Amino acid sequence: MTGRPTLTVATDDPTPPYEQLRRQLSDLIEYGVLGPGERLPPLRQLASDLGLAVGTVARAYRELEAAGLIISRRGGGTRVAVNPRRASEDVLHERAAIFVRDARLLGAGDEEIKSAIAHALGR
């Protein structure tokens, strides 16, 4: 990631550090700053650079891998997936399902959920 945007973790942010890191890397992949096949820093290096525990970086990498955005290979490092766009569609569907579940937990029906989505889309 030489010459790439710097990853940062804000200690005063209530968002957990692994999620801050996951979100930043996801955005860099989504917007093409990190391209298919590009290698990410090793866990220990990134943890050291950010002042985080290795387990924190490992969790962010695991979540990105579960979303299909990166691929980790023992001895081969961690790289951006070849087709992250498809993976981002899967993430979008997953987040939509989470939104619907949360809305239903709040007591919203299908029409209210559709209305909320339409409002978010500016329609």
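It should be emphasised that the depicted structure is a prediction, and the values quoted were computed from it without experimental measurement.
- One hydrophobic cluster holds both Tyr61 and Val54 under the rule that ILVMFWY side chains link at heavy-atom gaps under 4.5 Å.
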Side-chain donor-acceptor pairs under 3.5 Å in residues 99-107, sequence neighbours left out?
{"unit_1": "Arg104", "atom_1": "NH2", "unit_2": "Asp110", "atom_2": "OD1", "d": "2.5"}

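- Applying the salt bridge (charged side-chain N to carboxylate O under 4.0 Å, His left out) test to every pair with at least one member in residues 62-79, sequence neighbours left out, gives these pairs: Arg59-Glu63.
- With rounding to the nearest 0.5 Å, the separation of CZ in Arg23 from CG in Leu7 is 13.5 Å.
- Residues Tyr18 and Val57 are members of separate hydrophobic clusters, defined by side-chain heavy-atom contacts under 4.5 angstrom among Ile, Leu, Val, Met, Phe, Trp and Tyr.
- Heavy-atom minimum distance, Pro17 versus Thr56: CB-CG2, 3.9 Å.
- Expressed to the nearest 0.5 Å, how far CD of Gln20 lies from CG of Leu50 amounts to 10.0 Å.
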Under 3.5 Å, sequence neighbours excluded: what are the donor-acceptor pairs made by side chains of residues 40-49?
none

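- The CZ atom of Arg22 sits 8.5 Å away from atom CG of Leu69, with the distance rounded to the nearest 0.5 Å.
- Under the 4.5 Å side-chain heavy-atom criterion for ILVMFWY residues, no single connected hydrophobic cluster contains both Ile71 and Leu34.
- Side-chain contact between Glu38 and Ile29: absent, with no pair of heavy atoms (C-beta onward) separated by less than 4.5 Å.
- Contact detail for Asp13 and Thr15: the closest heavy-atom pair is OD1-N, 2.7 Å.
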Test side-chain contact (heavy atoms from CB on, under 4.5 Å) on Thr11 and Val9; report intermediate values, then the result. CA-CA 6 Å; Thr11 56; Val9 174; 5.7 Å; no
